[in-house]
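Every chain is numbered from 1 and lettered A, B, ... according to where its sequence line falls, protein lines coming before strand lines.
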Number of protein chains: 2
Amino acid sequence: MTPAPAARDKRGDLTNAAQALFYEQGFGATTLANVAERAGVPLGNVYYYFKTKDSLVEAILMERRAAFDAMVAQWDAIQKPKARLEAFLDMNHSGREIVAEHGCPVGGLSMELGKEHSILGDKAAAVLARYLEWTTAQFRAMGRDDADDLGLRLMSSLQGAMLMANSFRQPELITREVNRARAWLNDL
Amino acid sequence: MTPAPAARDKRGDLTNAAQALFYEQGFGATTLANVAERAGVPLGNVYYYFKTKDSLVEAILMERRAAFDAMVAQWDAIQKPKARLEAFLDMNHSGREIVAEHGCPVGGLSMELGKEHSILGDKAAAVLARYLEWTTAQFRAMGRDDADDLGLRLMSSLQGAMLMANSFRQPELITREVNRARAWLNDL
DNA sequence: GTCTATACCACGATAGAC
DNA sequence: GTCTATCGTGGTATAGAC
């Protein structure tokens, strides 16, 4: 048997590079040459894996959805719904530095792609909707019949805090809002 | 005396066109040819008024600041600070349809320009900061010494609502948040 | 001040050898 | 599957006649 020669996952390298660059610079400002370079792949070869730039961002949206689903799988092992939401808040808080630097990865893409490019914008919004559905489900599990309202309020306040934190480059604004949300959650 | 031949303000036409297009399509996605066409000005002539595309967006940022200052001048004629904030909320509510379609004009520019283009991003953030300063000043006039916190909370919740409303194309999300803010304001 | 023509470059995407 | 070379388009910005 020949020893397996550490097969390289070029497709994965490309989505990783693209994910980071679209997040840091935006979709429009990032060129496929940027992505290829960061992934260590020649430009021409990108097109073997992704026929267009659009299909690349679609792949990233799907990965983000999958990543969130994986987190959800962990959180759903927690007994109490309130504790699940607290875990969700913890995650939001732990990302505060990066978010203050580059904004919310999902919110940012949704905003950019939503302008003019309506097909891709809808796909980004669908990822955001998934976050919203999950938070709403937790409030419902808590027995609240205003769960829709509460879920929206939580997501909306976090999005607002992330936008302000990003505009002013102040991660503490996220800390503040997360703490407020934690207290609010306990008083419900 | 020759009758004044309805002098045309080309510079103004250009900033108006650019304002609308940057808002609808984003800064990066809008070409100077788009702007020129919408303004009814030949492409080459744009450069007589604005040396670069960047200087055009800077001019727009200044106009937005001036427009806000003009609103503020009206609101400041209102006696009670709480009523001034209510007027501010009314304005936010009245724009809900357009905001659901294209997002917050200031927040959107701040987000887009903040990515990579840090100089312009700061200028956009400065406009947002001005909104924040004004709301904070109203809470201070109400005698609250947590005015900083309250001002931030108001702006942040509005930004969050606008982002969600835009992602999902639902103006009612803004109505909801504005109503909540109104009630919150009364209970303070 | 105005406008046409165009330089110049960067990008997305393809062709085609290996 | 991989990679180089390149096409075609469309963008910012300029030159220079009027």
Side-chain angles (χ1 to χ4, degrees), chain A residues 2 4-61 109 112-113 115-121 123, chain B residues 2 4-61 109 112-113 115-121 123:
Chain A
T2 47
R8 189 181 158 199
D9 176 19
K10 283 198 184 181
R11 208 193 123 98
D13 292 347
L14 284 168
T15 51
N16 286 342
Q19 200 285 321
L21 287 166
F22 292 166
Y23 180 42
E24 292 164 16
Q25 309 179 347
F27 174 71
T30 300
T31 71
L32 288 174
N34 292 153
V35 175
E37 189 187 16
R38 178 119 154 198
V41 168
L43 174 60
N45 203 353
V46 172
Y47 291 90
Y48 176 74
Y49 295 97
F50 301 96
K51 276 185 261 294
T52 64
K53 194 185 180 188
D54 286 4
S55 74
L56 183 52
V57 80
E58 277 188 71
I60 281 158
L61 254 9
L109 268 184
E112 181 176 4
L113 300 176
K115 295 197 181 285
E116 185 83 353
H117 214 308
S118 66
I119 314 118
L120 289 174
K123 299 201 180 187
Chain B
T2 46
R8 187 182 158 199
D9 176 20
K10 283 198 185 183
R11 209 194 124 98
D13 291 346
L14 284 167
T15 51
N16 286 342
Q19 200 286 321
L21 287 165
F22 292 165
Y23 180 42
E24 292 163 17
Q25 309 179 346
F27 174 71
T30 301
T31 72
L32 289 175
N34 292 152
V35 175
E37 189 187 15
R38 178 119 154 199
V41 167
L43 174 59
N45 204 352
V46 172
Y47 290 90
Y48 177 75
Y49 296 98
F50 301 97
K51 275 187 263 294
T52 64
K53 194 185 180 187
D54 286 5
S55 73
L56 183 51
V57 80
E58 277 188 70
I60 281 158
L61 254 10
L109 268 185
E112 181 176 4
L113 299 177
K115 294 197 180 288
E116 183 86 351
H117 215 308
S118 64
I119 314 119
L120 289 174
K123 299 201 181 189

Selection: residues 23-49 of chain A, any non-hydrogen atom under 4.0 Å of DNA chain D:
A:Pro42, A:Gly44, A:Asn45, A:Tyr48, A:Tyr49
Rounded distance in Å - CZ (B:Phe50) to P (C:dT2):
13 Å
Mark yes or no for whether A:Lys123, through its side chain, and A:Val57, through its backbone, hold a donor-acceptor pair below 3.5 Å.
no
Do A:Phe50 and A:Glu58 have side-chain heavy atoms sitting under 4.5 Å apart?
no
Do B:Leu21 and B:Glu37 have side chains that get closer than 4.5 Å, going by heavy atoms?
no
Just the rounded figure in Å: distance from P of D:dT14 to NZ of B:Lys53.
15 Å
Heavy-atom side-chain proximity of A:Asp54 to A:Phe27 below 4.5 angstrom
yes
Does the A:Glu112 side chain pair with the main chain of A:Gly26, one donor and one acceptor, at a distance under 3.5 Å?
no
Length of the line joining A:Leu21:CG and C:dC11:C1', which is rounded to integer Å
15 Å
